[in-house]
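One structure below.
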Amino acid sequence: MKAERTYPIYTVNKHAEGLLVGGHPWVYENDILAAPETEPENGTLADVVSTKGSYLGTGFVSLKSKIRVRLISRNANDTFDAAFWRRRVEYAWNYRKTVLEPADLSACRVIFGEADQFPGLTVDRFSNILVTQTLSVGMEKLKPVLFPILADVLRADGQTIDGIYERNDEALRAKEGLEQNKGWFELPGETHPASTQTEICENGVYYHVDFENGQKTGFFLDQKYNRRAVARIAAGHTVLDCFTHTGSFALNAAKGGAARVTAADISAEAIAMAQRNAQRNGLTNMDFLCEDTFELLPRLEKEGHPYDFIILDPPAFTKARRTVENAMRGYKEINYRAMKLLPRGGYLATASCSHFATEELFIKMLRAAAKDAHRQLRQIEVKQQAPDHPILWGVPETNYLKFFLFQVI
């Protein structure tokens, strides 16, 4: 570590040192043994060192959060100027160009927080718009430098970017001492589009995206290749897509040649959006149902039904470790009901987007549901989130999506 460094220093215990050396970027308040004599300004940079004084990294300080420092670099020679952040953005964009097909670059995640070394920042691209969500005070302070660079890097690569919209209406910001808000980010010398809606194309399916009012940043991009897996085997089947949201799995199944697809969701707004997307794609082999899945599946079991392919893609049933047990009961209930409904030889696609519902727990739940339903599961595919949502093995929080495709026999 160089003597001329001027950043304030936090000394951490062996537990934190082990995590940091293993690749995790967070330093928790409870793991700090010594803090700077003069408290640094919230959102500024600080160095982290071991008890022996060994340099472990540099990161943003968050004085309001239990996560006191979020590392952005482990290189003591880095200089954190605009050129540094431009390289980071270029690195992230070049990665997407490598792992995604060219057609998928117009609707993809450009920045995935810690997985791209931008702690607390999400950037999704929806055609001509970048939609951001900022959940750390360090990234919040960096926006005037970083956001123009984001637009410039993509434009330099020939991409059309007409504006950056912020979706900071997220309760987690309070843990950083940040207020909630949403609206256009004012790029210097530019005017933003008048509309907060756009259209994307994914797997050949067109979607209307309301990035001002839609969930999260406006559309869930992480299942794009899982939707393709469903479309590949949907031909000729009668499909029930539960928790359809904007209709994404249902639309892919319908476009894949399903005999009939029912898109079901408890939200009338979601159903209206799914209907709109079906019309946009000229899909007439679909119908729509506004009903709670937990009530729908038992009702169908009593009344009879035509479905031989069921898709379960619910919202996260748990966002905290303390509620995992209840969440797994919910996952088991819907999977058990779906397995009971399906004829032997039918197909089941089932997913969880909760990090806390680990793959191990999810598999255990599926085995128990199959046993109780007197069904055997023939595994076709096991998938995770699309590679524009990269998983870092040293950061378990980046690994959240489980997707299984089975034949039920």
Self-check item: Main-chain N/O of Leu341 paired to His305 side chain as donor or acceptor, under 3.5 Å
Solution: yes

Quiz item: Within the distance-only criterion (no hydrogens, no angle test), does the side chain of Asn128 pair as donor or acceptor with the backbone N or O of Asp162 below 3.5 angstrom?
Solution: no

Quiz item: Hey, does Val27 have a side-chain heavy atom less than 4.5 Å from the side chain of Leu56?
Solution: no

Quiz item: Any donor-acceptor pair under 3.5 Å linking the side chain of Thr217 with the backbone of Val131?
Solution: no

Practice problem: On the 0 to 90° scale, with breaks at 30° and 60°, tag the Phe294-Phe243 ring pair as parallel, tilted or perpendicular. | Solution: perpendicular

Quiz prompt | Donor on one side chain, acceptor on other, Ser248 and Arg227, under 3.5 Å | solution = yes

Exercise. Please name all residues satisfying side-chain contact (heavy atoms from CB on, under 4.5 Å) with Asn335, sequence neighbours left out, ordered by chain then number.
Key: Leu312, Tyr331, Met339, Leu348, Thr350, Met365, Leu366, Ala369

Quiz item: Distance-only, no hydrogens or angles: does the Asp152 side chain make a donor-acceptor pair with backbone N or O of Pro148 under 3.5 Å?
Solution: no

Quiz item: Would you say the side-chain atoms of Ser354 pair up with the backbone N or O of Phe356, donor to acceptor, closer than 3.5 Å?
Solution: yes

Self-check item: Full working for side chain to side chain contact (heavy atoms under 4.5 Å, CB included) between Gln197 and Glu212
Solution: CA-CA 7 Å; Gln197 303 183 35; Glu212 179 182 16; over 6 Å; no

Self-check item: Sub-4.5 Å side-chain heavy-atom contact between His245 and Gln215
Solution: yes

Exercise. Determine whether Pro25 and Val395 make a side-chain contact, defined as any pair of heavy atoms from C-beta on separated by less than 4.5 Å.
Key: yes

Practice problem: Examine the side chains of Glu397 and His24 and answer whether a donor and an acceptor come within less than 3.5 Å of each other. | Solution: yes

Quiz item: How would you list, by chain and number, every residue that makes a ring pair (Phe, Tyr, Trp, His ring centres under 6.0 Å) with Phe211, sequence neighbours excluded?
Solution: Tyr165, Trp184

Quiz item: Side chains of Gln385 and Arg109: do they bring a donor and an acceptor to under 3.5 Å?
Solution: no

Quiz item: At what distance, to the nearest 0.5 angstrom, does OG of Ser62 lie from CE of Met139?
Solution: 12.5 Å

Quiz item: CG/Asn13 to OH/Tyr28 distance, rounded to the nearest 0.5 angstrom?
Solution: 13.0 Å

Self-check item: ring pair (Phe, Tyr, Trp, His ring centres under 6.0 Å) partners for Tyr10, two or more places apart
Solution: none

Quiz prompt | Least distance between heavy atoms, Gly57 atom then Leu71 atom | solution = C-CD2, 3.8 Å

Quiz item: Considering all heavy atoms of both residues, which atom of Tyr225 and which atom of Pro387 are nearest to each other, and what is their separation?
Solution: CE1-CD, 3.7 Å

Quiz prompt | Atom pair CZ/CG of Arg96 and Asp104 - distance to nearest 0.5 Å | solution = 13.0 Å

Quiz prompt | Interatomic spacing from CG in Leu146 to CZ in Arg86 - rounded to 0.5 Å | solution = 10.5 Å

Practice problem: Apply side chain to side chain contact (heavy atoms under 4.5 Å, CB included) to Glu202 and Val205, showing your working. | Solution: CA-CA 5 Å; Glu202 180 191 272; Val205 178; 5.7 Å; no

Quiz item: Do you know which of Asp241, Thr244, Thr293 makes side chain to side chain contact (heavy atoms under 4.5 Å, CB included) with Asp265?
Solution: Thr244

Quiz item: Distance only, no hydrogens: is a donor on one side chain within 3.5 Å (strictly under) of an acceptor on the other, for Asp116 and Tyr95?
Solution: no

Quiz item: Under 3.5 Å, is there a donor-acceptor pair between the side chain of Arg68 and the main chain of Asp31?
Solution: no

Quiz item: Got a donor-acceptor contact below 3.5 angstrom from the Asn168 side chain to the Thr134 backbone?
Solution: yes

Quiz item: Checking Glu176 side chain against Val137 main chain: does a donor-acceptor pair fall under 3.5 Å?
Solution: yes

Self-check item: Ring geometry between Tyr347 and Phe309 (parallel below 30°, tilted from 30 to 60°, perpendicular above 60°)
Solution: tilted

Quiz item: Any side-chain donor paired with an acceptor under 3.5 Å for Tyr207 and Thr246?
Solution: no

Quiz prompt | Heavy-atom closest pair, residues Ile72 and Arg88 | solution = O-NH2, 2.6 Å

Quiz item: Donor-acceptor pair, Arg337 side chain versus Leu296 backbone, under 3.5 Å?
Solution: no

Quiz item: Less than 4.0 Å between a side-chain N and a carboxylate O, is that true for Asp124 and Lys216?
Solution: no

Quiz item: What's the verdict on salt bridge (Lys or Arg N to Asp or Glu O under 4.0 Å) for Glu333 and Arg329, showing C-alpha distance, side-chain angles and the deciding distance?
Solution: CA-CA 6 Å; Glu333 169 68 11; Arg329 281 196 289 268; over 6 Å; no

Quiz item: Out of curiosity, Ile200 CD1 to Lys224 NZ, how far, rounded to the nearest 0.5 Å?
Solution: 8.0 Å

Quiz item: So Thr122 and Arg167, side chain to side chain contact (heavy atoms under 4.5 Å, CB included) or not? Walk me through it.
Solution: CA-CA 10 Å; Thr122 296; Arg167 281 296 303 271; over 6 Å; no

Exercise. Look at the rings of Phe126 and Phe219 and say which category their plane angle falls in: under 30° parallel, 30 to 60° tilted, over 60° perpendicular.
Key: perpendicular

Self-check item: Sidechain-backbone polar pair: Asp292 side chain, Ile266 backbone, donor-acceptor under 3.5 Å
Solution: no

